[in-house]
Structures are given as C-alpha cells and as structure tokens.
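What follows is one structure encoded as structure tokens, with my remarks underneath.
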Amino acid sequence: MRRRLGAGVYAGLLVAVLGVLAWATGRPFVFPSLGPSAFVLAFERRDERERAVRVVGGHLVGALAGFAAWTLLADGTAVTATLAAFSPAGVRLAASAVVSVAATGVGMTATGTVHPPACATTLIVSLGLLSTPVAVGIIVASVCVLVAVHAAVALALGRAAGVTRPPDGGNARD
C-alpha cells in the first residue's frame with residue numbers, strides 16, 4: 001500500500017517539475033497524457049531504459065500522427081467549443097481523431113514503442129488543441145524532460161543507497 005501511495009506522490013512530483021517549466025515559460029509543458037505517463041514511470045520499476053524508450057517513442061509517434069492527421073483533415077479547426085451537429089468542422093475533427101489513433105497504434109507497434117497514454121497525446125493534437133509545430137515540439141520536449149527527471153532521480157536514489165548497477169535493474173543493453 002505504501003508503494004502505491006508513494007508512486008502517486010512521486011508521479012505528482014514529476015508533473016510538478018513540468019508545471020514549473022510551463023509556468024516559467026508560458027508554454028504548454030503540461031497536458032493530460034503526461035499524468036498517466038508519470039504514473040507508469042513512478043509505479044513500474046523494472047526495465048527502466050526500455051520503458052523510457054517506449055514513453056518517449058510512443059508520445060513522439062502520437063504527436064507526429066496527430067499533427068499529420070490534423071494537418072491533412074482538420075487544419076484550422078479545434079474542439080474548443082461545442083460544434084453544430086453534422087457540421088463540416090465536426091466531421092473533419094472526428095476523422096482526424098480516428099486517423100490519428102489508428103496511425104498511432106500502427107506506428108507504436110511498428111517501432112516497438114507501445115505506450116497507451118500516447119493515444120491521448122495523439123487526440124490532443126489531432127483535435128486541434130496543441131496543433132502547431134511548436135506545440136508538437138513542446139509535447140515531445142516535455143516527455144523527454146519527464147523521463148530525464150525520472151532517470152536522474154532514480155540514479156541519485158540508487159547512488160544514495162549504494163547501488164552500483166544501472167537503474168534498469170542490470171538489464172542494460174549495449
């Protein structure tokens with residue numbers, strides 16, 4: 001029970017780092033799919049390197065698939081207000097969402113970077129919420145910061161505890 005509670009608090013602290021970054025820059029370094037990603041990093045302790053690759057790679061695939069779908073199908077629209085029933089903008093956004101989730105699933109599977117929270121990232125982008133090249137770059141940078149902070153904490157805690165093996169449990173790949 002303590003481990004589960006600790007993982008929740010730790011996930012919150014990982015997101016807090018990004019919250020400070022968002023606050024200091026005025027940029028969207030915090031978005032909904034980071035919460036589940038932070039929790040995955042905090043809760044699961046095995047295969048750290050492999051998980052880091054999946055987290056970053058999955059979000060990268062999701063962000064790019066979402067941007068491609070939005071650009072091709074729904075450029076200029078966003079799901080920020082209620083759309084009229086049967087509106088052209090509504091069908092474009094719905095199509096963008098469908099295509100982005102399908103492309104993200106295929107892309108993550110093909111690249112070995114399956115990370116389910118990335119399907120939320122692809123929707124955030126494909127629905128026009130963070131759909132500029134800068135926003136997509138910030139999404140990817142934010143995930144990289146999340147993973148880097150987690151890796152730094154794991155390394156520091158390992159060193160403090162006198163652990164000499166890599167933080168991935170000794171499963172390092174050359």
Side-chain angles (χ1 to χ4, degrees), residues 7 10-44 47-81 83 88-154 168:
Y10 178 56
L13 292 173
L14 288 173
V15 173
V17 171
L18 294 165
V20 170
L21 188 57
W23 176 59
T25 64
R27 299 291 190 156
F29 279 93
V30 176
F31 46 92
S33 51
L34 280 179
S37 293
F39 189 78
V40 165
L41 291 171
F43 193 76
E44 294 294 325
D47 298 321
E48 291 284 344
R49 281 194 187 132
E50 182 180 326
R51 186 174 41 264
V53 168
R54 282 194 329 264
V55 170
V56 173
H59 282 286
L60 176 63
V61 168
L64 293 176
F67 184 70
W70 182 81
T71 300
L72 293 171
L73 301 168
D75 193 2
T77 62
V79 103
T80 56
L83 299 170
V91 75
R92 289 173 52 215
L93 284 169
S96 178
V98 169
V99 168
S100 73
V101 170
T104 298
V106 169
M108 288 189 303
T109 302
T111 59
T113 58
V114 174
H115 180 62
C119 286
T121 295
T122 205
L123 287 173
I124 290 164
V125 178
S126 68
L127 292 173
L129 300 173
L130 293 174
S131 299
T132 65
V134 170
V136 170
I138 289 170
I139 287 170
V140 175
S142 188
V143 173
C144 289
V145 169
L146 179 77
V147 169
V149 169
H150 171 67
V153 169
D168 67 353

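Throughout, residue positions are numbered sequentially from 1 according to the sequence presented. These numbers come from a predicted model, not from an experiment.
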Write down the atom of [X], the atom of [Y], and the distance for their closest heavy-atom approach.
| X | Y | result |
| --- | --- | --- |
| P117 | P36 | CG-CB, 3.6 Å |
| V15 | A38 | CG2-CB, 3.7 Å |
| V99 | A69 | CG1-CB, 4.0 Å |
| A103 | A65 | CB-CB, 3.9 Å |
| V125 | G66 | CG1-C, 3.4 Å |
| A63 | V140 | CB-CG2, 4.3 Å |

Any donor-acceptor pair under 3.5 Å from [X] side chain to [Y] backbone:
| X | Y | answer |
| --- | --- | --- |
| S126 | W70 | no |
| T122 | G62 | yes |
| S100 | A97 | yes |

Approximate separation, where rounding is to 0.5 Å, of [X] [atom1] and [Y] [atom2]:
| X | Y | atom1 | atom2 | answer |
| --- | --- | --- | --- | --- |
| L34 | T121 | CG | OG1 | 7.0 Å |
| L13 | L18 | CG | CG | 11.5 Å |
| H59 | T104 | NE2 | OG1 | 11.0 Å |
| S37 | L146 | OG | CG | 6.5 Å |
| D75 | R92 | CG | CZ | 7.5 Å |
| T25 | I138 | OG1 | CD1 | 6.5 Å |

Stepwise side-chain contact (heavy atoms from CB on, under 4.5 Å) check, L130 with V136: CA-CA 7 Å; L130 293 174; V136 170; over 6 Å; no
Any side-chain heavy-atom pair from [X] and [Y] closer than 4.5 angstrom?
| X | Y | result |
| --- | --- | --- |
| H115 | V61 | no |
| V143 | F31 | yes |
| V114 | T109 | yes |

Listed once per pair and sorted, the salt bridge (charged side-chain N to carboxylate O under 4.0 Å, His left out) pairs that draw on residues 120-132, sequence neighbours left out: none
For Y10, all residues meeting ring-ring contact (aromatic ring centres under 6.0 Å, His included), sequence neighbours excluded: H150
